[in-house]
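Here is the structure we will look at, set down as structure tokens.
Values reported hereafter were calculated over all heavy atoms of this structure, with side chains retained and with hydrogens, waters and symmetry mates removed.
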Amino acid sequence: MPLPLHVFEHRYQALVRDFRGAGGRFGLVATRSGVEVGGPADQEGVGTAAIISKLRPLPEGRTHLVVTGGRRFRIKELVNGMSYLRAEVELLDDQAPDPAAFILASEARVGLARYTTRLARITGRVPSSNPLPTDPLLLSWVIASTLVIELPHKQRLLEQQSVSQRLRREIELLKREVMLLDLQLANRLPAVPSYSRN
């Protein structure tokens, strides 16, 4: 899915210079613990290739980027000697959907529709009218990118090799999030008296 980025740190300005002309790809990895800027950090082991789709240079070396997620990778070894994090990686392929994935995809589409409807009511936005993918693999990535959940949950979805396992986890998360949104919506409604004083 598209991700806008504003690059202003010197080390990431160097990254953009290095990879703008080398196919326009770099890796994105979440920080598991530690500080993200200016100190030691423990990175997650699986990340995503970011493919630059738009690039707009700004003053002082800053850049606006729009990147789209590409193939996943697993970090094999960190490489020293650069201002930004570099690593030797192994590219990961998704397993082909098994028959169960098609059944799970049907349930996941219903759950996603419920979730986006409630989310639209909370935010006041109109839900997307775009049709959901029928391909279980693509659907699993659409759900993963749509869910507004804690980063560790998103990371676990990213790490799943099996489409069926990813969809099962997404169905659980969608049910949890729908329940939480329903509670939030119920608390917003004015109380209706159940009896008349007359």
Side-chain angles (χ1 to χ4, degrees), residues 1-5 25-34 36 41-51 53 66-76 87 89-188:
M1 301 298 284
L3 174 68
L5 299 172
R25 294 169 190 252
F26 56 90
L28 291 176
V29 183
T31 301
R32 184 184 300 129
S33 63
E36 188 175 350
D42 183 22
Q43 307 297 328
E44 293 286 357
V46 174
T48 307
I51 304 162
S53 55
V66 177
V67 298
T68 305
R71 287 183 68 182
R72 296 173 306 135
F73 59 83
R74 184 180 312 281
I75 293 177
K76 293 170 65 177
V89 302
E90 169 194 6
L91 294 175
L92 301 176
D93 290 316
D94 285 299
Q95 295 175 356
D98 60 14
F102 291 88
I103 297 167
L104 291 164
S106 178
E107 185 179 351
R109 271 192 294 278
V110 172
L112 182 59
R114 288 182 182 142
Y115 173 72
T116 54
T117 299
R118 272 119 173 131
L119 201 57
R121 286 176 60 195
I122 292 280
T123 61
R125 295 181 182 167
V126 177
S128 171
S129 58
N130 294 333
L132 293 173
T134 55
D135 174 57
L137 174 60
L138 183 54
L139 177 67
S140 75
W141 291 125
V142 168
I143 294 171
S145 68
T146 303
L147 277 165
V148 182
I149 54 175
E150 303 89 345
L151 186 57
H153 290 300
K154 286 218 175 212
Q155 183 67 33
R156 299 298 83 79
L157 295 176
L158 181 68
E159 293 172 358
Q160 287 291 340
Q161 296 273 131
S162 162
V163 179
S164 291
Q165 288 175 357
R166 188 179 306 117
L167 285 169
R168 281 191 187 94
R169 182 66 185 129
E170 288 170 338
I171 289 166
E172 292 171 9
L173 289 166
L174 286 165
K175 286 178 181 175
R176 180 193 82 166
E177 293 302 306
V178 165
M179 184 181 71
L180 292 172
L181 291 172
D182 281 345
L183 287 171
Q184 190 173 347
L185 286 165
N187 289 332
R188 281 184 166 193

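Between Leu158 and the options Lys154, Gln155, Arg156, a side-chain contact (heavy atoms from CB on, under 4.5 Å) holds for only Gln155.
Using modelled atom types, no side-chain atom of Ser53 and backbone atom of Thr68 make a donor-acceptor pair closer than 3.5 Å. Side-chain atoms of Ser145 come within 3.5 Å of backbone N or O of Val142 as a donor-acceptor pair.
Contact record, Ala101 with Ser164: N-OG, 3.3 Å, taken as the closest heavy-atom pair. Considering all non-hydrogen atoms of both residues, Asp94 and Trp141 come closest at OD2-NE1, 3.5 Å. Shown here for Leu132 and Leu112, the closest heavy-atom pair between the two residues is CD2-CD2, 3.5 Å. Heavy-atom minimum distance, Ala87 versus Ile75: CB-CG2, 3.9 Å. Contact record, Phe73 with Ala49: CE2-N, 3.7 Å, taken as the closest heavy-atom pair.
Distance check, rounded to the nearest 0.5 Å: CZ of Arg109 to CG of Leu167 gives 9.5 Å. Atoms OG1 and CG, on Thr117 and Leu181 in that order, are 10.5 Å from each other to the nearest 0.5 Å. Leu173 CG to Glu177 CD: the interatomic distance, rounded to the nearest 0.5 Å, is 7.0 Å. Here the straight-line distance linking atom OG of Ser162 with atom CG of Asp98 works out to 6.0 Å at 0.5 Å rounding. To the nearest 0.5 Å, the span separating CZ on Arg118 from OG1 on Thr123 amounts to 13.5 Å. Taking OG from Ser140 and CD from Gln160, the interatomic distance works out to 10.0 Å, rounded to the nearest 0.5 Å.
Taking the charged nitrogens against the carboxylate oxygens, Lys76 and Glu90 have no contact shorter than 4.0 Å, which rules out a salt bridge. By the 4.0 Å N-to-carboxylate-O rule, Glu172 lies too far from Arg166 to be salt-bridged with it. Note on Arg72 versus Asp93: no salt bridge recorded, every NZ/NE/NH1/NH2 to OD/OE distance being 4.0 Å or above. Ionic pairing of Glu107 and Lys175 is present here: one or more N-O contacts between side-chain nitrogen and carboxylate oxygen are shorter than 4.0 angstrom.
Using a 4.5 Å cut-off on side-chain heavy atoms (C-beta onward), Tyr115 and Ile143 make no contact. Using a 4.5 Å heavy-atom threshold, the side chains of Thr31 and Glu44 count as separate. Using a 4.5 Å cut-off on side-chain heavy atoms (C-beta onward), Val163 and Gln95 make no contact. Between Leu119 and Val148, the closest side-chain pair of non-hydrogen atoms falls below 4.5 Å. In this structure, Leu3 and Val66 have side chains that are not in contact, with every pair of non-hydrogen atoms separated by 4.5 Å or more. Using a 4.5 Å heavy-atom threshold, the side chains of Thr134 and Leu139 count as separate. Arg176 places a side-chain heavy atom less than 4.5 Å from the side chain of His153. A 4.5 Å side-chain heavy-atom check between Arg71 and Thr48 finds every atom pair outside the cut-off.
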Exercise. Quick one: do Val67 and Ile51 satisfy side-chain contact (heavy atoms from CB on, under 4.5 Å)? Show the steps, please.
Key: CA-CA 5 Å; Val67 298; Ile51 304 162; 6.0 Å; no
